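Inspection log for the structure reproduced underneath, given as structure tokens.
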Amino acid sequence: MSSLKLYDTLSRTVSEFIPLQPGKASIYLCGATVQAPPHIGHIRSGVNFDILRRWLIKSGFDTTFIRNVTDIDDKILHKAVHEKAPWWAVALKYERAFTDAYTALNVLPPTYEPRATGHITQMIELIASLIERGHAYAPGNGDVYLEVRKLDSYLTLSNQNIDDLLPAQDADETFKRDVRDFALWKAAKAGDPFWPTPWGNGRPGWHIECSAMAFAYLGAEFDIHGGGLDLIFPHHENEIAQSEAAGYGFAKRWLHNAWVTASGEKMSKSLGNSLQVTELLKSVRGIELRWYLGSAHYRSMLEFSPAALEESAVGFRRIENFLLRATKILGSQPEPLLSADFVAAMNEDLAVPQALAGISEQLRLGNSAITENDKVAIASAASHIRGALEVLGCDPFDPAFVGGAQDESLTEALDGVINLVLAQRTAARDRKDFAASDQIRDGLIALGISIEDTAQGPRWSISRSEGSN
RNA sequence: GGUGGAAUGGCCGAGAGGCGAGGCAAGGGACUGCAAAUCCCUCUACACGGGUUCAAAUCCCGUUUCCACCUCCA
């Protein structure tokens, strides 16, 4: 069996994943700043890293996965003023929106999901240590800054030279020793939430929380740090700066997911609500949206369009349809298995698109096997497809996707009614009364129920209405 | 100005020196009372200009276009 290779943003190469502790994997993923509802770009990151996590687990690694919630920052405070609500109510509202979106797309809950505001103590301890070690300073205005020029490794992740950076528009040199120094702690402004510290009342800077929480849950060093491409600078550079200045080994490998783009450009607020997860879930199911977001390689841009999403969803339904038919023929759900091709593809830096080609091949074989009623071949194809879908988090038999709220007796009753109608249609066909049989079929289609005449008799399924409702 | 990324057939999308991934669409065929579903066949590409090589989509040099980051960002 091949071994897992992963990209590393720092070295810009793909290399074998060798964990710090054999058999274990530790991941820290920068989660959401909960100041707005999630759009699919946010959730793509969740899906991409969920696939990584599932693959690590499947590969036998005892995996600890941390994804934080940033529930205090400038934007949340601004939003609170705008929404005329307490900042913590705003943060919780959007945190729940993210949780709902993750759940809808079957993104596994992290091992631990720390909130920034729950780790102020750890941040203060870290800042105190940075001051003590001579890497940070409190100039007396209530802020605490990190002195970046003292660090040799600063900007190595983004491969930049500190003097080439464009000066910040709002740079304030009154208290900073260097314009590039960034705030670990910010003095409280009137009306802001604050926590008491030796340097005065204030709140954390944007970057310190991740360093503090990664240390709290994963220790001084861990295997993988993940996030979106745009976090490389400044967020991840600053995390590295803080953590290394504190003497931590920090992340051994960096993985960054690319964006979902629209019209070739990165998503932005100007696109409005159309790409919010809740909006898109009106036209496709969660499993279909996940299939779409997971289908591109995590380091490739994914160009969103409603047509592309719909095409992807149709493709998924084709696979799902095969699994349902196979299950009926076999009399039980296929046992998930992994094909060598799939394993090889996933081990090559999570080459999902290649893995998908293998699924297409299995699907073709499986459908042919149904035509030939070759149960051994049907079972093989179904098992390998299900095994792959399971790793991708798109197993149609996963309880996460089987709407638990559905009433079993209602489903049975519906099945009975439709079968009764189909029996009428079969009778009409037998007496060659095609006008009557077509009338029944058209009637069912109008109700959103599609009919397939298979070798095993007619089969019905609910076809989703397309596009906007 | 600095730092990255990208350009592949009608469309989407992998690959990274030689055997042309895969999907969608389209056309043809099989099956069907007609459909649907399914299967088979067809269509065959690597932005541009040079170079290296027996062999380049892949390596090198140059050019063009696009995207992103440079202290809010998934």
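In this text, all values refer to a predicted model and were calculated from it rather than measured experimentally. Every chain is numbered from 1, with letters handed out A, B, ... down the list of sequences.
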Exercise. Distance between the P atoms of rG51(B) and rG2(B), in whole angstroms?
Worked result: 30 Å

Exercise. Just by distance, with hydrogens left out, do His207(A) and His236(A) show a side-chain donor and acceptor under 3.5 Å apart?
Worked result: no

Exercise. Think Ser450(A) has a side-chain N or O under 4.0 angstrom from the OP1 or OP2 of rA37(B)?
Worked result: no

Exercise. Between Arg325(A) and Phe434(A), which is nearer to the 5' end of RNA chain B once each is assigned its nearest nucleotide?
Worked result: Phe434(A)

Exercise. Just how far, in rounded Å, is P of rC11(B) from CZ of Phe304(A)?
Worked result: 20 Å

Exercise. Considering only rC70(B), rG23(B), rU71(B), which nucleotide approaches the side chain of Ser360(A) most closely?
Worked result: rG23(B)

Exercise. Hey, does His256(A) reach any base, or is it just sugar-phosphate, or nothing, if we go heavy atoms under 4.0 Å?
Worked result: nothing

Problem set entry | Interatomic distance at C1', rC19(B) relative to rU38(B), whole Å | 30 Å

Exercise. Taking the P atom of each, how far is rA21(B) from rA14(B), in whole Å?
Worked result: 14 Å

Exercise. How close or far is atom P of rC12(B) from atom CD of Glu303(A), stated in whole angstroms?
Worked result: 8 Å

For this session: Among rG13(B), rC72(B), rU71(B), find the nucleotide with the atom closest to the side chain of Asp73(A).
Result: rC72(B)

For this session: Under 4.0 Å between any heavy atoms, over every strand shown, what does Asp438(A) touch: base, sugar-phosphate, or nothing? Just pick one.
Result: base

Exercise. Any idea how Phe222(A) and Phe250(A) line up, ring-wise: parallel (<30°), tilted (30 to 60°), or perpendicular (>60°)?
Worked result: perpendicular

Problem set entry | Interatomic distance where CD1 belongs to Ile329(A) and P belongs to rA37(B) [whole Å] | 17 Å

Exercise. Is the closest side-chain donor-acceptor distance between Trp55(A) and Asn347(A) under 3.5 Å?
Worked result: yes

Exercise. Do other residues, nucleotides or ligands put more than 12 heavy atoms under 6.0 Å from Asp152(A) CG?
Worked result: no

Problem set entry | Residue Tyr112(A) excluded, over 12 heavy atoms near OH under 6.0 Å | no

Exercise. RNA chain B in dot-bracket, Watson-Crick or G-U pairs under 3.5 Å, [ ] crossing, | other strand?
Worked result: (((((((..(((.....[...))).(((((.......)))))....(((((..]....))))))))))))....

Problem set entry | Among Thr261(A), Leu293(A), Leu280(A), side-chain contact (heavy atoms from CB on, under 4.5 Å) partner for Phe304(A) | Leu280(A)

Exercise. What nucleotide among rU71(B), rG23(B), rU38(B) has an atom nearest to a side-chain atom of Glu311(A)?
Worked result: rG23(B)

For this session: Give a yes or no answer on whether the side chain of Glu237(A) reaches the backbone of Leu155(A) with a donor-acceptor pair at less than 3.5 Å.
Result: yes

Exercise. Contact class for Ser312(A) (heavy atom, under 4.0 Å): base, sugar-phosphate, or nothing?
Worked result: nothing

Problem set entry | Between rC60(B) and rC70(B) - P atom distance, rounded Å | 29 Å

Exercise. Considering heavy-atom distances to RNA chain B, does Gly315(A) or Leu363(A) have its closest nucleotide positioned more toward the 5' end?
Worked result: Gly315(A)

Problem set entry | Side chain of Arg429(A) - closest among rA74(B), rC70(B), rU32(B) | rU32(B)

Problem set entry | Any N/O donor-acceptor pair, Asp453(A) side-chain to rA37(B) base, under 3.5 Å | no

For this session: Determine: side-chain N/O of Arg318(A) to OP1/OP2 of rU38(B), distance under 4.0 Å, yes or no.
Result: yes

Exercise. What integer number of Å spans the C1' atoms of rG5(B) and rG10(B)?
Worked result: 26 Å

Exercise. Would you say the ring centroid of His119(A) lies under 6.0 angstrom from that of Tyr217(A)?
Worked result: yes

Problem set entry | Short side-chain to backbone donor-acceptor contact, Tyr145(A) and Phe175(A), under 3.5 Å | no

For this session: Identify which nucleotide among rG4(B), rG22(B), rG33(B) has an atom closest to any side-chain atom of Arg12(A), counting heavy atoms from C-beta outward.
Result: rG4(B)

Exercise. Starting at CH2 of Trp259(A) and ending at P of rC69(B), how long is that distance when rounded to a whole Å?
Worked result: 5 Å

For this session: Check the distance between rA74(B)'s C1' and Phe49(A)'s CZ and give it to me in whole angstrom.
Result: 9 Å

For this session: Using whole Å, report how far CD1 of Ile359(A) lies from P of rA14(B).
Result: 15 Å

For this session: Assign Leu231(A) to base, sugar-phosphate, or nothing according to its heavy-atom contacts below 4.0 angstrom with the strands shown.
Result: sugar-phosphate

Problem set entry | Value in whole Å for how far the P atom of rU32(B) lies from CZ of Arg441(A) | 15 Å

Problem set entry | Closest to the Asn257(A) side chain, choosing from rA74(B), rA14(B), rU71(B) | rA74(B)

For this session: State which of rA37(B), rU71(B), rG13(B) makes the closest approach to the side chain of Glu452(A).
Result: rA37(B)

Exercise. Does Asn159(A) place a side-chain N or O at less than 4.0 Å from the phosphate oxygens OP1/OP2 of rG4(B)?
Worked result: yes

Problem set entry | Nearest-angstrom distance from the residue atom CD of Glu372(A) to C1' of rC39(B) | 9 Å

Problem set entry | Short side-chain N/O contact from Asn367(A) to OP1 or OP2 of rC39(B), under 4.0 Å | yes

Exercise. Rounding to the closest angstrom, what is the interatomic distance between rG13(B) and rC24(B) at atom P?
Worked result: 15 Å

Exercise. Closer than 4.0 Å, any side-chain N/O of Arg364(A) to the OP1 or OP2 of rC40(B)?
Worked result: yes

Exercise. Is the number of heavy atoms from other residues, nucleotides or ligands within 6.0 Å of CZ (Arg115(A)) greater than 12?
Worked result: no

Exercise. Looking only at atom C1', what distance separates rU8(B) and rA47(B), rounded to whole Å?
Worked result: 10 Å

Problem set entry | rC31(B) to rA36(B) separation - P atoms, rounded to the nearest Å | 15 Å

